[in-house]
Every structure is written in structure tokens, then in C-alpha cells.
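Working notes, beginning with the structure itself.
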2 protein chains.
Amino acid sequence: METWMAQPDLDEIDVATVLQALADPTRLRIVRLLDQVEESTCTALDLPVKVSTVSHHVNILRHSGVVSTRIDGTARPSRLRRDDLEHRFPGLLSSILAATPPCAPEPAAPPDRDDRGAGPAPSARKVV
Amino acid sequence: METWMAQPDLDEIDVATVLQALADPTRLRIVRLLDQVEESTCTALDLPVKVSTVSHHVNILRHSGVVSTRIDGTARPSRLRRDDLEHRFPGLLSSILAATPPCAPEPAAPPDRDDRGAGPAPSARKVV
DNA sequence: CTCTATTTACGACGAGTATCGTAAGAGGAG
DNA sequence: CTCCTCTTACGATACTCGTCGTAAATAGAG
């Protein structure tokens with residue numbers, strides 16, 4: 001039987017907390033990496049910060065409900081809670097991952113350019 | 001001809017900047033209010049902070065690309081850039097607004113400090 | 001048992017920022 | 001014109017938080 005670390009239940013996930021968790025660049029990068037490798041430990045993640053800092057960020061991501069962490073001996077591999085987040089906030093995580101250019105290998109065609117319908121066009125208006 | 005304040009162009013909107021803008025509770029509340037009233041000035045928004053602070057937050061929201069501000073005499077009514085955001089990050093803003101109840105109580109984050117718990121598997125994920 | 005590798009808890013420090021009060025522009029009313 | 005309201009720019013302050021180094025806890029290997 002696999003053991004997991006404590007994490008918020010599905011209906012306990014707060015959108016404000018999730019946004020706060022995803023607001024940090026390092027944490028957003030962790031989410032991007034986990035989107036690619038599916039599962040990884042703190043030391044395996046290639047990040048420009050120390051491992052203790054990575055552990056701190058993964059904790060925040062888990063407490064916010066973004067990732068879940070499994071206990072495997074001394075290792076703590078984490079993965080994205082894709083289905084949970086998609087069920088709770090449909091389209092949120094997917095749009096964030098799709099819109100992230102730096103490490104995204106362009107999986108599919110970018111969003112079609114349907115020439116905005118009613119959006120403000122700053123260039124066509126007087127801007128102060 | 002309407003005059004608008006400077007704002008980032010559609011393809012200049014960065015998802016990390018947007019997430020950082022939406023991470024603040026006061027700004028998220030502003031977004032919620034603008035979702036209901038469609039357009040409002042800083043003084044008209046009912047918020048527990050001073051007007052100068054509201055203006056500061058609206059500036060951040062505009063620079064991140066979340067809202068656009070019109071110049072109407074001395075007034076500066078702002079509104080959500082719904083179509084732009086939907087076009088750039090499909091499903092992001094809508095999922096956030098859908099997950100945020102209009103009169104939601106302040107989410108006091110429960111101090112779930114049970115990190116090393118190695119507790120039972122989360123009920124949402126049945127593990128072996 | 002000892003030894004080592006992995007992870008996290010704990011302070012501590014520094015940068016970023018949310019908030020405020022005040023004051024200065026800007027535009028409408030009289 | 002003057003007066004008033006709305007908005008924002010500017011410091012100043014307090015506080016959150018991202019980062020680090022160190023140490024403790026855990027589990028596997030020898």
C-alpha cells in the first residue's frame with residue numbers, strides 16, 4: 001500500500017490559495033517540470049535554488065492542492081493533481097500550462113488567431 | 001473617441017504576471033467585483049482599503065493585462081479584459097470567476113502543519 | 001550495528017510589497 | 001475665474017515571503 005503525505009481534499013482546494021501558489025516563478029517552473037516528467041523528487045528537479053528551497057516550494061504546492069506527494073522510502077516523489085484540479089477548476093491548469101512559453105515544447109498548434117471579437121484595441125484608440 | 005490608459009498588448013500578456021496579479025486577495029476581490037458590475041471606478045469599489053491602495057492595485061491589474069481603464073473626465077472606470085484573456089488563456093479567467101463565490105467568506109487557510117504525518121492516503125485518491 | 005543519502009524543520013536575513021497619509025494634477029460646476 | 005471632487009504619484013512603514021545554511025529525522029546498504 002502506498003503512503004501519501006497530507007494534502008487538502010478536493011472540495012477544500014481554494015482558488016485564491018492555488019493562485020498564490022502558482023504566482024511564484026520557481027513554483028510555476030516546478031509545475032511545468034512536473035507536467036513533463038509526471039513525477040519527480042526535489043533533488044531530481046533541475047532548479048537554480050537549493051534543495052531546501054525546492055522542498056519548501058513543493059510543500060506550498062501540496063498544501064494548496066496543486067501537487068500530491070508519495071512516500072517511497074526516503075524519497076518524496078510529487079506529481080500534479082491534474083484530474084483533481086481539472087475537476088475543481090476546469091481549464092485553469094491546462095490554460096496555464098499551455099500558455100507557458102519558456103520550457104513548453106509546443107505540443108500542439110497555438111490558439112487560433114480569431115481576430116478578437118469585441119476586445120479593446122489599444123493601438124486603435126488614443127492611449128495616454 | 002474614447003481614450004484609454006496604457007495597457008499591454010494582447011500577445012504581450014504574460015501568464016506569470018497575470019497569476020501574480022490575481023494572487024493578492026484584494027486584487028482578486030476587485031476582479032470579482034468587476035465581473036459583476038462590468039465597469040467601475042476606484043472610489044465606487046467597496047473595499048476595506050483606502051482609495052489610494054485601490055488605485056495601486058488597479059494599476060497592477062492593468063499592467064498585467066487583466067483590466068483596461070477608460071478615461072472619462074476625472075473618472076477612470078476599469079473593466080475586465082474578458083475577451084482578451086479568454087483569447088490568450090482560454091478557460092483561465094472563467095474558471096477562476098466560476099470558482100469564486102460572489103460573497104465568499106474570507107478563506108482563512110487552515111494551519112495544516114502535519115507535514116511529516118505520513119498519514120492515510122487522501123480520500124480522493126484510492127491507493128493500494 | 002555504522003554509514004550514507006534524501007528530505008525536511010528551523011532560524012535568520014534580505015528583498016519585495018501591501019498599506020497608509022499626504023499632496024499634486026485634472027476636469028466639471030457654479 | 002474659484003471651488004470641489006476624483007484620481008494618482010510619492011514617500012514611509014510594516015510585514016510577508018523567498019532564499020539560504022545547518023541540523024535533525026528517516027530509510028536503505030554494508
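Order of the sequence lines fixes the chain letters, A, B, ..., with proteins taken first and strands second; residue numbering starts at 1 for each chain. Every value quoted in this text rests on a predicted model; they were computed, and no experiment measured them.
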Expected list for residues 15-25 of chain B: side-chain donor-acceptor pairs under 3.5 angstrom, two or more places apart:
| unit_1 | atom_1 | unit_2 | atom_2 | d |
| --- | --- | --- | --- | --- |
| B/Thr17 | OG1 | B/Asp14 | OD2 | 3.2 |
| B/Asp24 | OD2 | B/Thr26 | N | 3.0 |
| B/Asp24 | OD2 | B/Arg27 | N | 3.2 |

Checking A/Thr53 side chain against A/Val49 main chain: does a donor-acceptor pair fall under 3.5 Å?
-> no

Please tabulate, one pair per line, each protein N/O and nucleotide N/O from nucleotides 18-20 of chain D that are separated by under 3.5 Å, including the distance.
| unit_1 | atom_1 | unit_2 | atom_2 | d |
| --- | --- | --- | --- | --- |
| D/dG18 | OP1 | A/Arg27 | NH2 | 3.3 |
| D/dG18 | OP2 | A/Arg27 | NH1 | 3.1 |
| D/dG18 | O5' | A/Asp24 | OD1 | 3.4 |
| D/dT19 | OP1 | A/Thr26 | OG1 | 3.2 |
| D/dT19 | OP2 | A/His57 | NE2 | 2.3 |
| D/dC20 | OP2 | A/Lys50 | N | 2.8 |
| D/dC20 | OP2 | A/Thr53 | OG1 | 3.3 |

Tell me, yes or no, whether the heavy-atom count around A/Asp72 atom CG, taken from other residues, nucleotides or ligands under 6.0 Å, exceeds 12.
-> yes

Who pairs with B/Ser94 by side-chain contact (heavy atoms from CB on, under 4.5 Å), at least two apart in sequence or on another chain?
-> B/Glu86

Separation of B/Arg29 atom CZ from C/dT19 atom P, in whole Å?
-> 11 Å

Contacts of B/Asn59 that satisfy side chain to side chain donor-acceptor pair (under 3.5 Å) - sequence neighbours left out = B/Arg62

Who passes salt bridge (Lys or Arg N to Asp or Glu O under 4.0 Å) against B/Glu38, sequence neighbours left out?
-> B/Arg82

Rounded to the Å, how far apart are B/Leu47 CG and C/dA18 C1'?
-> 14 Å

For B/Ser52, side-chain contact (heavy atoms from CB on, under 4.5 Å) partners two or more places apart = B/Lys50

Under 3.5 Å, which protein N or O atoms sit close to an N or O of nucleotides 24-30 of chain C? Give each pair with its distance.
none

Which heavy atom of A/Ala99 sits nearest a heavy atom of B/Phe89, and at what distance?
-> CB-CD2, 3.1 Å

Under the salt bridge (Lys or Arg N to Asp or Glu O under 4.0 Å) rule, collect the residues that match up with A/Arg70, sequence neighbours excluded.
-> A/Glu2, A/Glu39

Would you find more than 12 non-hydrogen atoms of other residues, nucleotides or ligands less than 6.0 Å from B/Asp11 atom CG?
-> yes

Looking at DNA chain C, which of residues 38-46 of chain B put a heavy atom within less than 4.0 Å of it?
-> none

Roughly how many Å is it from CG in A/Asn59 to P in D/dC17, rounded to a whole number?
-> 15 Å

Euclidean distance, atom CZ of residue A/Arg70 to atom P of C/dT8 [Å, nearest integer] = 14 Å

